[in-house]
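Numbered from 1 within each chain, the chains take letters A, B, ... in sequence-line order.
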Amino acid sequence: SLPPVLRFPCAVHQLLDPGRFSHLGTQAPQCPVAHLDNQVPTERTRAISRTLENDPAKHGEQHVGQHYNISIQELKTVFPHGLPPRFVMQVKTFNEACLMVRKPALELLHYLKNTNFAHPAVRYVLYGEKGTGKTLSLCHIIHFCAKQDWLILHIPDAHLWVKNCRDLLQSTYNKQRFDQPLEASIWLKNFKTANERFLSQIKVQDKYVWNKRESTEKGSPLAEVVEQGIMRVRNATDAVGIVLKELKRQSSLGVFRLLVAVDGVNALWGRTTLKREDKSPITPEELALIYNLRKMVKNDWQGGAIVLTVSQTGSLFKPRKAYLPQELLGKEGFDTLDPFIPILVSNYNPKEFEGCIQYYLENNWLQHEKAHTEEGKKELLFLSNRNPGLLERLCAYL
Amino acid sequence: MRGDGWGEGSPNRAFIMFRLLQGKVLFFTSLSLDYFHLKHSACAKQSLLLEYTVKILKLCGLTQVRWSRYGPEYQDPQIDKEYYRKPLAQLTEEETYERELRKTQVIKAAPATKTSSVFEDPVISKFTNMMMKGGNKILARSLMTQTLEAVKRKQFEKYHAASAEEQATVERNPYTIFHQALKNCEPVIGLVPILKGGHFYQVPVPLAERRRRFLAMKWMITECREKKPRRMLMPEKLSQELLEAFCNRGPVIKRKHDMHKMAEANRALAHYRWW
């Protein structure tokens, strides 16, 4: 944090002109900006690329292009799954997790701050070309909601549930549907890590019989259902279904606020690559996990919000250049999700690009001597076309 | 005429590949025109040099094997951006003369692999080409970039784990590590099979600069391909080997030392070399 010497002039400003700074919270980031001329160039680069405001609730227009820090403990609790793999590698290499504040995320934060929890849940869809930052914007939103003590229902990648599944069991609950024990149990483990404190508070409102010997009574905490799903992998899919049903029912009562975050929601209405024993293809409705998730994404419940991402990476049977929601969701998906608020995530603007490059330079990630020069920066701009994903991959080997 | 790929070929030397008309031996020769005091431009000198070399070699019963479709009048392209950015007012007389001359000359097409990028490195390009199999340059280049990234990440890990004094010694630039590792792997002296009295003897011979570079890269690639564990990917193995060679240990350095020891053992045969 800043030494007290720099804070003092800001306080003086506030006394002389109380109308200028309307809230105390943004005092900290204003100070480095105010003293640009007096400071060493390293301080200036820090002012461009980093902000000291680590609470997503207080991020505003002035923080666009700046990175804010998430502590490693928070990362482990809030994001046991859901971060893009390259970002996880970057966190491991730099020993710190810094996320950039960008306009689409700020827009969504503004909407979430002004949600009316008495109305049905609003659906927001983040869309954009490959590598523009949809997943990380979603993670920004999830971090905000976790800080505001919402219950986070985060499906890291719905595409993983419709492909490459080794063991498909016939569902015990409904003979027509299929269970995916492995995926369901992994998701339950991560869900438990993210929402420990809620699981003991929320009580189940029905009796659920697992088999002849085991059952969950009415009024027992949700943690028992989750434990049952993790212990008995065969019942994991049904446990997931129960969790989703209970959360949907009880969020309308106003006990807690629910955020449903699904990455790659176009997987719910596409095709799967899974086949039955007689080689006939399985449609997504026949998978119990997908069937229950579709009910979650409908806007017939109150007390929360639904934030979705459509992505072509990982999608099945969709052309590479498709990025619009209509193209990726298909007719069925679009009709089910309609009406929703689309939010476009595009490439970096010049300020964000500069901030990203400064962040890499500060962490000494750009080791090539020419990368520090103006020529090098121009070349990076040209090669990446300001696309965040491409820029990250370019800077990785420079 | 050999092109300027490594930047060492001065215009006054001609390296030509040729073979004996009857036999299968292939070796280099070089002729120098340093005593050529004529006031000819570089291109005229080169074409004359080529003509004379070919005539002399034909006399010895040798023909050219590796040759270029470009005639001697074709000039090498100027890829450097700085050359063209110099404002015309700042050029000296010689440079203006050279520019005017180039306008009249025919220029070879620049190869697709040579770019005016600031990040281009001829050593890395050469290594990528040597790693390439079946013309799959995309795969070779991606392997190269993944290797550089792996080297960088490993060094960053080491940096963060080290204490404050040691942090100054940890090298994090993958390009310096790559160059230093290859330099450490270059042998100083090599062995050449020479036929004498019906037997082939391994004779110690000083190696040319580019032969040394080639051997270092070849040994590195062969080592990584053959001694790799089954499920390990090439970038991981290559990064491991590069880091070990940077610290002067590992199997490639051992191979270089073995070569030196063999040369030392066979030093009695050094008289068999006649060049």
Side-chain angles (χ1 to χ4, degrees), chain A residues 42 67 69 71-73 75 83-98 130-131 313 320 353 356-357 359-398, chain B residues 79-85 115-125 127-128 131 138 140-164 167-180 233-236 238-239 242-243 246:
Chain A
T42 43
H67 292 82
N69 198 12
S71 66
I72 307 287
Q73 272 71 29
L75 206 75
L83 290 173
R86 284 202 76 94
F87 186 73
V88 172
M89 279 200 293
Q90 184 181 296
V91 166
K92 185 160 177 282
T93 309
F94 291 168
N95 274 351
E96 61 171 8
C98 282
K130 180 173 166 172
T313 334
R320 197 167 56 90
F353 180 80
C356 187
I357 297 278
Y359 174 66
Y360 286 141
L361 285 173
E362 266 169 50
N363 284 62
N364 299 101
W365 189 230
L366 291 172
Q367 286 281 324
H368 201 283
E369 343 40 80
K370 297 287 179 151
H372 302 268
T373 59
E374 277 308 313
E375 275 288 329
K377 278 191 206 140
K378 269 198 259 181
E379 187 155 331
L380 281 174
L381 190 115
F382 173 73
L383 286 172
S384 64
N385 193 22
R386 287 203 222 106
N387 182 299
L390 221 67
L391 181 66
E392 197 268 315
R393 274 167 201 271
L394 276 176
C395 295
Y397 62 83
L398 278 177
Chain B
I79 310 261
D80 191 20
K81 267 193 282 198
E82 297 307 314
Y83 177 85
Y84 296 109
R85 282 208 192 130
T115 56
S116 54
S117 158
V118 291
F119 302 122
E120 195 196 335
D121 194 345
V123 186
I124 301 265
S125 313
F127 196 82
T128 324
M131 270 213 294
I138 300 176
R141 196 171 149 179
S142 68
L143 288 175
M144 193 71 229
T145 53
Q146 283 169 41
T147 310
L148 291 168
E149 191 185 332
V151 164
K152 211 185 195 183
R153 284 195 200 267
K154 283 185 190 169
Q155 290 300 95
F156 264 77
E157 232 172 286
K158 225 185 272 182
Y159 181 84
H160 288 305
S163 61
Q167 274 181 355
T169 52
V170 174
E171 175 62 58
R172 289 186 284 178
N173 189 340
Y175 293 88
T176 41
I177 292 178
F178 182 77
H179 289 133
Q180 189 57 45
L233 295 170
M234 183 67 161
E236 200 192 318
L238 234 193
S239 57
L242 282 171
L243 285 169
F246 179 69

Polar contacts chain B-chain A (donor-acceptor, d < 3.5 Å, no H, no angle):
| unit_1 | atom_1 | unit_2 | atom_2 | d |
| --- | --- | --- | --- | --- |
| B:R85 | NH1 | A:E375 | OE2 | 2.7 |
| B:R85 | NH2 | A:E375 | OE2 | 3.2 |
| B:S117 | OG | A:E379 | OE2 | 2.5 |
| B:V118 | N | A:E379 | OE1 | 3.1 |
| B:E149 | OE1 | A:R86 | NH2 | 3.2 |
| B:E149 | OE2 | A:R86 | NH2 | 2.9 |
| B:K152 | NZ | A:W365 | O | 2.4 |
| B:K152 | NZ | A:C395 | O | 3.0 |
| B:K152 | NZ | A:A396 | O | 3.3 |
| B:K152 | NZ | A:L398 | O | 2.6 |
| B:R153 | NH1 | A:M89 | O | 3.4 |
| B:R153 | NH1 | A:T93 | OG1 | 2.9 |
| B:H160 | NE2 | A:T93 | O | 3.1 |
| B:N173 | N | A:Q367 | OE1 | 3.3 |
| B:N173 | ND2 | A:Q367 | O | 3.2 |
| B:N173 | ND2 | A:E369 | OE2 | 3.4 |
| B:Y175 | OH | A:Y397 | O | 3.0 |

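Taking B:F246 as the reference, nothing meets the ring pair (Phe, Tyr, Trp, His ring centres under 6.0 Å) condition, with sequence neighbours excluded.
Note: B:F119 CZ to A:L394 CG = 8.5 Å, rounded to the nearest 0.5 Å.
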